[in-house]
There are 2 protein chains.
Amino acid sequence: MKEGPDIALLGNMIGDPARANMLLALMSGKALTASELACEAGITSQTASFHLGKLEAAGMLVCRKQGRHRYFALSGPDVGHLLETLMGLAARQGHLRTRTGPRDEAMRKARICYNHLAGDMGVMIYDALLERGFIEDDSDRIDLTDTGYAFSGKFGIDIAHLSRQRRPLCRSCLDWSARKSHLAGSLGTAFLERFYELRWARREKTSRAVIFSAEGEQRFRDLFSV
Amino acid sequence: MKEGPDIALLGNMIGDPARANMLLALMSGKALTASELACEAGITSQTASFHLGKLEAAGMLVCRKQGRHRYFALSGPDVGHLLETLMGLAARQGHLRTRTGPRDEAMRKARICYNHLAGDMGVMIYDALLERGFIEDDSDRIDLTDTGYAFSGKFGIDIAHLSRQRRPLCRSCLDWSARKSHLAGSLGTAFLERFYELRWARREKTSRAVIFSAEGEQRFRDLFSV
DNA sequence: TCAATGCTTCGATTAGCATCGAAGCATGAA
DNA sequence: TTCATGCTTCGATGCTAATCGAAGCATTGA
């Protein structure tokens with residue numbers, strides 16, 4: 001009928017609540033099995049299989065067989081980026097699936113956004129780096145300054161190595177809970193991994209929440225409060 | 001059921017072909033009446049009314065009454081940006097609604113992308129500016145250099161004025177037909193408006209295509225060929 | 001006041017799609 | 001071989017959502 005890319009197909013994929021739940025679950029960046037995703041979406045495994053087939057055919061997911069398990073993951077960072085864009089827009093327009101509980105609280109504080117830290121603590125990093133002139137934000141491009149380079153190195157992050165990757169070093173990512181920017185890009189990922197390494201934080205198994213230890217949070221605040 | 005923003009609602013809106021067509025038609029940035037959108041989507045006015053009501057309720061469209069007409073427009077640039085993201089992803093994955101005709105040809109050459117120029121000619125601008133060092137592209141942030149500032153000024157664009165706006169001056173935008181970047185942001189808009197002003201180009205009434213006059217295209221090529 | 005236009009609401013129809021039970025098919029373990 | 005697990009395919013079902021004809025409202029113009 002019409003020319004151009006078929007956005008309705010992608011929209012349709014995301015438009016089903018079961019599929020949307022599975023996609024959001026995969027935003028953690030980890031690959032999940034079909035049954036884990038079924039559970040996450042609250043549907044039977046037959047139905048999940050049906051949906052996963054569609055999502056794979058649409059190119060949004062990739063699948064890796066391992067033994068009798070099938071692991072699914074987002075087909076690339078661009079899919080993750082699309083989902084974050086959607087979440088940002090949905091949040092801004094107040095389309096929230098309302099449920100506020102303790103877990104929600106933890107999510108608001110610190111959670112995984114594809115491969116970097118989001119939530120209040122993610123925003124804190126961003127604000128602190130900006131405040132001290134370690135990064136410079138020009139609308140939607142961000143640069144690491146020389147002092148920021150030094151700071152990151154001292155914290156144990158090998159920027160030279162990251163720069164060689166194709167991924168952008170710094171990106172800003174709109175946070176749907178805080179409605180402010182937080183740090184994405186390979187530097188964002190590197191910070192999060194360093195937090196794990198230093199045992200400041202760990203993943204919660206059942207959700208995207210990131211749990212900081214008391215000591216870890218203290219050190220985090222020492223480093224990033226403005 | 002789950003926490004977080006409701007991306008399924010937005011996905012669902014975009015997931016219906018009729019609605020997707022209407023949204024794409026509004027990517028031109030112009031406000032259109034309900035019947036124009038019905039025609040664009042190939043449905044009756046009753047059905048269009050039904051869909052437009054949903055899109056408005058979802059916050060994706062805004063409506064302005066004028067006499068007995070109702071003009072609809074995208075509720076903001078963020079919606080346009082979401083649609084472009086979707087188009088980029090869809091194109092990269094080969095989900096194209098195939099139809100190639102003369103009009104399609106014109107669209108591929110030059111068309112409106114929300115408020116700036118896309119298609120081959122849009123890509124030409126981007127490449128030329130980059131080649132001559134007028135802009136610098138670092139992954140997904142773009143800077144205008146001093147020489148680029150001078151160049152734009154000489155072409156009749158008041159950069160100082162644009163910089164004062166909240167919109168980013170330069171943004172790259174993935175082109176679904178050329179599959180390369182073209183220039184977005186307020187500078188992209190300014191270039192397009194200048195082309196209109198100089199009578200190098202005009203909008204086609206029925207589509208998003210932009211038609212250059214013979215002379216306009218010649219001057220364009222003189223200015224932007226690499 | 002009457003007619004025309006643009007749009008919405010109502011009602012009925014239809015089709016497509018998500019869902020799940022049951023069965024089938026691999027893989028791995030005993 | 002036999003059993004258990006993880007996943008898919010098949011078939012049937014039920015429901016929702018898109019669609020359009022017809023009628024109803026509002027605005028404009030004569």
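Lettering follows sequence order; numbering is per chain, from 1.
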Colleague: Tell me whether the count of non-hydrogen atoms from other residues, nucleotides or ligands lying under 6.0 Å of CZ in B/R194 goes above 12.
Modeller: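 Check passes, neighbour count above 12.
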Colleague: Could you state the atom-to-atom distance from NE2 of B/H69 to C1' of D/dA26 in whole Å?
Modeller: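 Distance, rounded to whole Å: 13 Å.
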Colleague: Would one find a side-chain N or O of B/R70 under 4.0 angstrom from OP1 or OP2 of C/dT8?
Modeller: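 Affirmative; the distance criterion is met.
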Colleague: Determine the interplanar angle of the B/W200 and B/F195 rings, folded into 0 to 90°, and report it as parallel if under 30°, tilted if 30 to 60°, perpendicular if over 60°.
Modeller: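 Plane angle under 30°, so parallel.
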Colleague: Looking only at the side chain of B/A34 (C-beta and beyond, no hydrogens), which of the listed nucleotides C/dC7, D/dA18, C/dG21 gets closest?
Modeller: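 Output: C/dC7.
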Colleague: Closer than 4.0 Å, any side-chain N/O of B/S49 to the OP1 or OP2 of C/dC7?
Modeller: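 Answer is no, no contact under 4.0 Å.
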Colleague: Rounding to a whole Å, what distance do you find between B/F50:CZ and D/dG21:C1'?
Modeller: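 Result: 16 Å.
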Colleague: Please state how far atom CZ in B/F72 lies from atom P in C/dG6, giving the value in whole angstrom units.
Modeller: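 After rounding, the reported distance stands at 15 Å.
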Colleague: I need the CZ-P distance between A/R19 and C/dC17, as an integer number of Å.
Modeller: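 The distance from CZ of A/R19 to P of C/dC17 comes to 9 Å, rounded to the nearest Å.
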Colleague: Check the distance between D/dT19's P and B/I43's CD1 and give it to me in whole angstrom.
Modeller: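 Whole-Å distance recorded here is 6 Å.
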Colleague: Can you see if the side chain of B/R68 gets near the phosphate of D/dG29 - specifically, an N or O under 4.0 Å from OP1 or OP2?
Modeller: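 So the side chain of B/R68 is outside the cut-off, no N or O lying under 4.0 Å from OP1 or OP2 of D/dG29.
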Colleague: For B/D16 and D/dT16, what is the distance between atoms CG and P respectively, to the nearest whole Å?
Modeller: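 After rounding, the gap between these two atoms is 17 Å.
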Colleague: Would you say a side-chain N or O of B/T47 is under 4.0 Å from OP1 or OP2 of D/dT19?
Modeller: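 No.
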Colleague: For A/H81, does its backbone N or O pair with a side-chain atom of A/T85 as donor and acceptor, under 3.5 Å?
Modeller: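 Yes, the answer is positive, given that a donor and an acceptor are paired below the 3.5 Å cut-off.
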Colleague: Could you give the CG-to-C1' distance, from A/N12 to C/dG16, as a whole number of Å?
Modeller: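 Computing the A/N12:CG to C/dG16:C1' distance gives 11 Å.
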Colleague: Distance check: side-chain N/O of B/S45 vs OP1/OP2 of C/dC7, anything under 4.0 Å?
Modeller: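 False: B/S45 side-chain N/O out of range (4.0 Å or more) of C/dC7 OP1/OP2.
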Colleague: Compare the minimum distances between each of D/dC20, C/dC20, C/dC7 and the side chain of B/Q46, then state the nucleotide with the smallest one.
Modeller: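 The closest nucleotide is D/dC20.
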Colleague: Find which nucleotide of DNA chain C each of B/L52 and A/T44 is nearest to by heavy atoms, and output the residue with the more 5' nucleotide.
Modeller: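 Looking at the nearest nucleotide for each, B/L52 comes out on the 5' side.
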Colleague: To the nearest Å, how far apart are A/Y71 OH and D/dG6 P?
Modeller: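 Rounded to whole Å, this separation is 11 Å.
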Colleague: It should be established whether A/K65 places a side-chain nitrogen or oxygen under 4.0 Å from OP1 or OP2 of nucleotide C/dA26.
Modeller: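 Answer no for this pair, as no side-chain N or O of A/K65 is under 4.0 Å from OP1 or OP2.
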Colleague: Are A/V210 and A/R203 side-chain neighbours, meaning at least one heavy-atom pair lies under 4.5 Å?
Modeller: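 Yes, side chains in contact.
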Colleague: For B/S213 and B/E215, does a side-chain donor sit closer than 3.5 Å to a side-chain acceptor?
Modeller: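 Note: B/S213 and B/E215 side chains miss the donor-acceptor criterion.
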Colleague: OP1 or OP2 of D/dT19 sitting under 4.0 Å from any side-chain N/O of B/H51?
Modeller: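 Checking B/H51 against D/dT19: at least one side-chain N or O falls below 4.0 Å of OP1 or OP2.
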